[in-house]
Number of protein chains: 2
Amino acid sequence: MDLRHLRYFVAVAEEENIGRAAARLHISQPPLTRQIQQLEEELGVTLFTRTPRGMTLTQAGELFLDEARNIRALVEQATERTQRAGQGKLGRIDVAIFGSAILDAIPKLLLAFRNHHPDVKVVLHTMTKAEQIEALRQRRISVGFNRMLAPLEDLETRQVTTEKLLLAVRADHPLARLESIPFAELQHHPLVLFPTGARPSFIDKVIGLCSERGFQPKISQEVGDAVTGVALVAGGFGVCLVPESATTLQFPGVVYAPLSDTPPNFKVDLSCLYRKGDASPILAAFLQTVAEYGKS
Amino acid sequence: MDLRHLRYFVAVAEEENIGRAAARLHISQPPLTRQIQQLEEELGVTLFTRTPRGMTLTQAGELFLDEARNIRALVEQATERTQRAGQGKLGRIDVAIFGSAILDAIPKLLLAFRNHHPDVKVVLHTMTKAEQIEALRQRRISVGFNRMLAPLEDLETRQVTTEKLLLAVRADHPLARLESIPFAELQHHPLVLFPTGARPSFIDKVIGLCSERGFQPKISQEVGDAVTGVALVAGGFGVCLVPESATTLQFPGVVYAPLSDTPPNFKVDLSCLYRKGDASPILAAFLQTVAEYGKS
DNA sequence: CCCACTCAATACCTCCAGGGTATGATCAAA
DNA sequence: TTTGATCATACCCTGGAGGTATTGAGTGGG
């Protein structure tokens, strides 16, 4: 049996006349007669009673008509859904984000993606950079968001946004009283750095910036993420360089101050990471949204 | 797209290897490759990612695998159900019975049919003989049960059972005192006859039997059915000839007495009626049960 | 009562597409 | 580098789907 048989059968059942059905199917009458006979023979069931006025369904034929319509509808639906899946409009994508630093860009980006692709389920996983790389290789996720990504053999990187750096200081800290804080001031104050974990990280960026200006920072404490870092600033552990988006973390007694006289490239990127050669249309759609987000 | 494509696709998806799938399908590898390519092209979707180790499903492919299995199962089920319908094991049959005279044979018969064909819904309709004939011609029913059926052009008759006739009399009636009631006695007592309606009916049978013995019965009352007839007997309207099965009607003060010295053919048939040339397998199965019932 | 009409079924032909064999291209592991 | 595994391509062959012409059967009008 074939889908063709079903199509032909439904046409004959609806027209109750082989000639008309053949016309509707754009074939001639004899082949249609034969197909119906074949179908009946294969099922071993008489589907039509032949009358001099045409063909009428038997009871078994009525039942089979229901089933045939059902099957045809299902096939229709299957192709449609599969096509949407193939265009990245239906399915699921597993996305990794890091600790707590997802404070601004990522929620907006995910919102934009959901608006454009409401039938794609986005599953978020919180992972460190090292975990993201492993999960990508094991195909547990398709994209990861992170900062300070070094180029890798099998993974591709794409920049999402760039943020200026601000200094988190206690409101009662001497630096907080200055009109503007020169970058070089940092050498006199203990710094809270983050995140610990896989290198290179934001820590190295900060140390690099300092050494460009010819000093080594005093490291007060290394912590896992920006939230903890700002908490320690509030606790008097020193000052902390944070990406601009961290200002959404409103901590009582902590202010975010811009620096002046900064080294060039005084900013940090947010990038996303995905497998080289990943042909998933959903990933493509996701990266498309990422690119559009970057433009705005 | 074809059911063949689905079959092939499922095989490849399950084997994750075209060669093995081809072996399982008893075809060679190249045609299978081509069929998969065709399917992908028709859908416009990449269903597999080709690796040097075989084929793995894309996300869209996973989805389509689900759908394909679904469709194939539905096709399987459709053929199976249609075949059962074609064998008269699944479906519905509309059966007409007459007024209240269905006191013994028909319930047993329907029970036997339901036991053999549990998935056939038997729908009962109460109709007079004339209504049955009309309903058969209009295909509203497939079988009717009745008595005294004259041969018809387009309808076939089949005898179900034959019953002896008994006389319903009041217990205090003079005839009830006799050891045996000779048939000729009927000429001296008013008779309740049934049913009214389309001729020939049981009425004509009784009148015929009397005239065979050279007398005309005194007609006390004509009524619609046996139940009413026996009720009138209880009310003193006279006596009434009833088929044996009517004895299941236990009426206070009414007894059923056998007659002696009866004319030949002193009995009445229960027959069923169906369209000539009706090829319905359910009707065939039903008539099969009727035939088996008749034997027992 | 017969003829014309309407359908479905049959006979026979053509041609395309599905299947086969042989071979190529690519990648991984030994 | 070689070998083995896997998918893709090239080319041929045959079965079957579709076409035309015709037959057979049953109905209704003249």
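Residue numbering restarts at 1 for every chain, and letters A, B, ... go by the order of the sequence lines.
- If you take CD of B:Glu42 and P of C:dA17, they are 13 Å apart, rounded to a whole angstrom.
- In this entry the distance linking CG of A:Asp2 with C1' of D:dG18 reads 15 Å, nearest Å.
- Of the candidate nucleotides D:dA17, D:dC7, C:dA8, C:dA8 has the atom lying nearest to any side-chain atom of A:Thr33.
- Note: CD (B:Glu40) to P (D:dA8) measures 8 Å, nearest angstrom.
- Taking atom CE on A:Met1 and atom C1' on D:dA17, their separation rounds to 18 Å, with Å as the unit.
- Within the 4.0 Å cut-off from OP1 or OP2 of D:dA8, not a single side-chain nitrogen or oxygen of B:Gln29 is found.
- Residue-environment remark: CZ (A:Arg53) stays at or below the threshold of 12 foreign heavy atoms within 6.0 Å.
- A side-chain donor-acceptor contact under 3.5 Å links B:Gln83 to the backbone of A:Leu43.
- Side-chain atoms of B:Asn17 lie closest to D:dT6 of the nucleotides C:dG18, C:dA8, D:dT6.
- Minimum atom distance to the side chain of B:Pro31 is reached by C:dG20, of the listed C:dG20, D:dA17, D:dT6.
- Atom CG of B:Leu74 and atom CZ of A:Arg72 lie 13.5 Å apart (nearest 0.5 Å).
- Distance from the side chain of A:Ile27 is smallest for D:dG19 among the nucleotides C:dA9, D:dG19, C:dG18.
- Using a 4.0 Å cut-off, no side-chain N or O of B:Arg34 falls inside it from OP1 or OP2 of D:dA8.
- To the nearest 0.5 angstrom, A:Glu131 atom CD is 8.0 Å from A:Arg140 atom CZ.
- When heavy atoms are screened at a 4.0 angstrom cut-off, B:Glu15 is found touching no nucleic acid atom at all.
- Each of B:Val123, B:Val143, B:Leu124, B:Ile141 was evaluated against B:Ile93; a single residue qualifies, B:Val143, per the side-chain contact (heavy atoms from CB on, under 4.5 Å) test.
- In DNA chain C, stems built from 3 or more consecutive Watson-Crick or G-U wobble pairs, each with both distances under 3.5 Å, span C:1-30 with D:1-30.
- Note on B:His5: nothing from the nucleic acid sits closer than 4.0 angstrom, heavy atoms only.
- A donor-acceptor pair under 3.5 Å links the side-chain atoms of B:His5 to the main chain of B:Asp2, judged by distance alone.
- Remark: C1' of C:dT6 and CZ of A:Arg50 are 16 Å apart, rounded to the nearest angstrom.
- Atom CG of B:Leu25 is separated from atom P of C:dG20 by 10 Å (rounded to the nearest Å).
- Across the protein-nucleic acid pair, B:Arg53 atom CZ and C:dA29 atom P stand 5 Å apart, rounded to whole Å.
- The separation between B:Arg4 atom CZ and C:dA17 atom C1' is 8 Å, rounded to whole Å.
- Residue B:Gly54 is the one, among A:Ser28 and B:Gly54, whose nearest nucleotide of DNA chain D lies closer to the 5' end (criterion: closest heavy atom).
- Comparing atom distances between the B:Pro30 side chain and each of C:dA9, D:dG26, D:dA8 picks out D:dA8 as nearest.
- Contact annotation: A:Gln35 side-chain N/O to D:dG16 OP1/OP2 distance is not under 4.0 Å.
- Residue A:Phe9 holds its CZ atom at 10.0 Å from CD of A:Glu14, rounded to the nearest 0.5 Å.
- If you check every strand for non-hydrogen atoms under 4.0 Å, B:Tyr8 touches sugar and phosphate atoms only.
- Judged by distance alone, with hydrogens and angles left aside, the side-chain atoms of A:Ser142 form no donor-acceptor pair with the main-chain N or O of A:Leu283 at under 3.5 Å.
- Between B:Gln37 and D:dT9 there is a side-chain N or O to OP1 or OP2 distance below 4.0 Å.
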